[in-house]
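A short write-up of the structure that comes next.
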There are 2 protein chains.
Amino acid sequence: MRAGARIDWQPIEATRNATDLAKVFDPVMRQRPVPTLAEVAKIAGVSIMTASRAVNNRPGVSERTREAIIRIADEIGYVANRAAQKLSGGQTHLIGVIGQLHTGFTAELVLNIGSAARAVDYEMLVYSLPAEDRSPPGNVVDLLNQVADGVIVILPYESEYLAQLNRSHIPIVTIDQTKPDPFPAIIADNYAGARLAMQHLYELGHKRIGFITGNERLASARDRRRAYADLCSQFGLEASDELVSKGDFMQKGGYEAAKRLLALKRPPTAIFAANDVSAFGAMTAIRQAGLRVPEDMSLIGFDDIPLAAQLHPALTTIRQPLPQMARAAVNLLLAMIAGIEAPSPLITLPTQLVVRETTVRPGGRGV
Amino acid sequence: MRAGARIDWQPIEATRNATDLAKVFDPVMRQRPVPTLAEVAKIAGVSIMTASRAVNNRPGVSERTREAIIRIADEIGYVANRAAQKLSGGQTHLIGVIGQLHTGFTAELVLNIGSAARAVDYEMLVYSLPAEDRSPPGNVVDLLNQVADGVIVILPYESEYLAQLNRSHIPIVTIDQTKPDPFPAIIADNYAGARLAMQHLYELGHKRIGFITGNERLASARDRRRAYADLCSQFGLEASDELVSKGDFMQKGGYEAAKRLLALKRPPTAIFAANDVSAFGAMTAIRQAGLRVPEDMSLIGFDDIPLAAQLHPALTTIRQPLPQMARAAVNLLLAMIAGIEAPSPLITLPTQLVVRETTVRPGGRGV
DNA sequence: AGACAAAACGTTAGCGGTAACGTTAAAGGG
DNA sequence: CCCTTTAACGTTACCGCTAACGTTTTGTCT
């Protein structure tokens, strides 16, 4: 072992003077290549295989040797080459996530997955599907498969297509898919959540409630709509096709859907939007029509994305248990990576009503 | 070449009946492994190397052979193994991006980078730095280096630290870093942008303008503050330390900073927040104090994240040219990957004033 | 037609790791 | 104290691909 190989990583503040910076950019420093397992092994005076066993914490090495090897690895700053690990059939401790980062809900979910992954010593790599979702994600799964141990997929449509395209034997978990056939899935209880929303509006006294649909390529959107319809009839609320306005989970869609509802001869007194983003769009439309939220029109969303609480007025909504969903997805994926069959192919998590400022009794506060 | 090897990818709608689904989940289909270059070569009756040259569009293959090989590759659904490519010194046509997806600005920038990358036939993989940014991104750069051809880094602090940690010789481009020493950088003209904001408020007649600072670990935040101070003295505006309130580019920081400004014996008539997210926080504080935006208090932000236009009232702000920045970053990175020295180590892009609804003459519309 | 260059294609080695098996050293058992 | 088992370590082969160089074919010029 070379003397002087020890490296002291200095905290960022300590590098703020010219002398230190000069050292940082010293060509010799910059050229120092990233060390391989072979170098660790050479310094430790063992074979590469022994070094591999040591750093991966696997049996077949004595404690003494293991410690020495790990110390050396730390000192020279060894980091395993994931590409090589994966190529040779090993594990990379990396999970891939595929989703549309454009949407607030997915983005938030992805961040939660990242936290959940780090909590169990995995890193996360994200592939953001383009907004025009037509590019088949099969190749992307293959791509992530080449570097990650497993993939979590959040698609803007049902995943049968993906199942068809995907030929990897990689573990895959989906989120927000009710058909667990192709892959195990994590999903919030959309039906029960939408019932909570409707019940809330009903209890406030609303008899005529409009609904803005989501992207009905997704089961979650269909479940929410089903709950709306079911509760309308259960509570004896007015129900007609004109009260159901087509949206797409997006802002503009919500805006236009709300506009149609407001243009009715008898507009509703409350609007249930299939997700928060649609609700934001609806809010714009309501205000543009010269009405106030919530005095003239109650509004409830779904998802509880961070923005919902920050808006004025703050949006009443149904909360999806994002941290739990993320943890469940990661745990399920890790189990599959470890070769354990999923206990259940479909894990449903409960939702929760979050009452804020956009829902009041019909007719406004005064009534 | 096997007959019947041709595969017709059916559009998603076509798979919706039971018979097709059964076929999809047929074990034989599922087990079909992802093909390698060796299989392409075998079917084509050429060596692996020739197949490699063909699919990578490199010289040394006749047009006839190339076409045949590419056709076969398409038919059996060959996708290059990026891990193997990278390991053997080749290019993966993949770029890595490191940033904090939590912040709206970064998230939007990342999406733009994704589009820019796809436009030049590259894919993007994202690593989201945890909110607690203390984990040194050096390892993460190494990680992405192992799979990507280059990395674009968007840090919540100056990048000297990164330069110190990073030992890869991988091409790196940073965004929002004024010190191009370690790596070439793309940056919006924050100083000029902030001047535009101040000039706008000045022209509306504001004489007492409050400023909410950003995260001053970033040069962009310091530049904006500098412009604020410079224009205060240039325009002869009231300037005092109490008008500068410490924020951190985040919602809560903006909220608290605005609260302090409002609590002054003589509050300002307008607030310039160092970024849009801070401005949102400020808006909450202003409303909580019983004041209206913009009648009682004008408010201007910086960045023009998508949310700015969707708020009520819509936020006046300074637009950063995200698509251009993304394209510039990608182009610069690709140039570096190709071995071309960056023409300039620091590319500055112009910003733009976007007047919306939160800025009016002091005293409200009536004046 | 022979010589020779260029294009087309093949072979070898190796990227950095791991699985599988082979070998050596330590431990245990009668 | 020798034999056997087990732990500790080493060797070999290979993952899928590309760089570098070697070989064969195809012109091309005189």
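Note that the structure is predicted; figures quoted are calculated from it, not measured.
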Go through it in stages, so that I can follow the logic: the residues are A/Val97 and A/Leu144, the test is side-chain contact (heavy atoms from CB on, under 4.5 Å), and I'd like the CA-CA distance, side-chain angles, deciding distance and then a yes or no. CA-CA 8 Å; A/Val97 174; A/Leu144 284 176; over 6 Å; no
With the side chain counted from C-beta on, respond yes when B/Arg118 and B/Glu123 share a heavy-atom pair under 4.5 Å apart, and no when they do not. yes
Spacing of A/Glu39 atom CD relative to C/dC15 atom P, expressed in whole Å: 11 Å
Applying a 4.0 Å non-hydrogen cut-off, can you work out what B/Ala80 is touching in the nucleic acid: base, sugar-phosphate, or nothing? sugar-phosphate
Just how far, in rounded Å, is P of C/dT18 from NE2 of A/His93? 11 Å
Looking at C/dT18, D/dC17, D/dA20, which one has an atom nearest to any side-chain atom of B/Arg53? D/dA20
Expressed in angstrom and rounded to an integer, what is the separation of B/Gln85 atom CD from C/dG17 atom P? 19 Å
Earlier contact from the 5' end, DNA chain C, for B/Ile48 and A/Gly90: B/Ile48
Can you tell me if A/Ser88 touches the phosphate of D/dC15, counting only side-chain N or O atoms and a distance under 4.0 Å to OP1 or OP2? no
Heavy-atom side-chain proximity of A/Leu155 to A/Asp176 below 4.5 angstrom: no
Using OP1 and OP2 only, check whether a side-chain N or O of B/Ser52 sits under 4.0 Å from D/dC17. no
Would you mind telling me which of C/dG17, C/dT11, C/dC15 lies closest to the side-chain atoms of B/Leu87? C/dC15
Check each residue of residues 56-68 of chain A for a non-hydrogen atom within less than 4.0 Å of any atom in DNA chain C, then write out the ones that pass by number, or none. A/Asn56, A/Arg58
Residue-phosphate contact under 4.0 Å: A/Thr50 side-chain N/O, D/dG10 OP1/OP2: yes
Salt-bridge criterion met for A/Lys42 and A/Glu39 (N-O under 4.0 Å): no
Nucleotide nearest A/Met49 when distance is taken to its side chain, options D/dG16, C/dG16, D/dT11: D/dT11
From CG of A/Asn145 across to C1' of D/dG16 the rounded distance in Å is 13 Å
Close side-chain approach of B/Asp74 and B/Ile70, heavy atoms under 4.5 Å: yes
What is the separation between atom CG on A/Asn81 and atom C1' on D/dC17, rounded to the nearest whole Å? 14 Å
Counting side-chain heavy atoms from C-beta on, which of D/dG16, D/dG10, D/dT18 comes nearest to B/Leu37? D/dT18
Within a strict 4.5 Å, meaning less than it, do heavy atoms of the B/Arg53 and B/Ile69 side chains meet? no
What is the distance from CG of B/Asp142 to C1' of C/dC15, rounded to the nearest Å? 16 Å
Name the residue from B/Ile170, B/Val140, B/Leu125 that meets the side-chain contact (heavy atoms from CB on, under 4.5 Å) definition with B/Val151. B/Ile170
Round to a whole Å and report the spacing from CG of A/Leu143 to P of D/dG16. 16 Å
How many whole angstroms separate atom NZ of A/Lys86 from atom P of D/dC17? 15 Å
Could you please spell out the steps behind the side-chain contact (heavy atoms from CB on, under 4.5 Å) verdict for B/Ile152 and B/Ile98? CA-CA 6 Å; B/Ile152 295 175; B/Ile98 298 177; over 6 Å; no
If you check every side-chain atom of A/Val46, which of D/dG10, D/dG16, C/dT11 has the closest atom? D/dG10
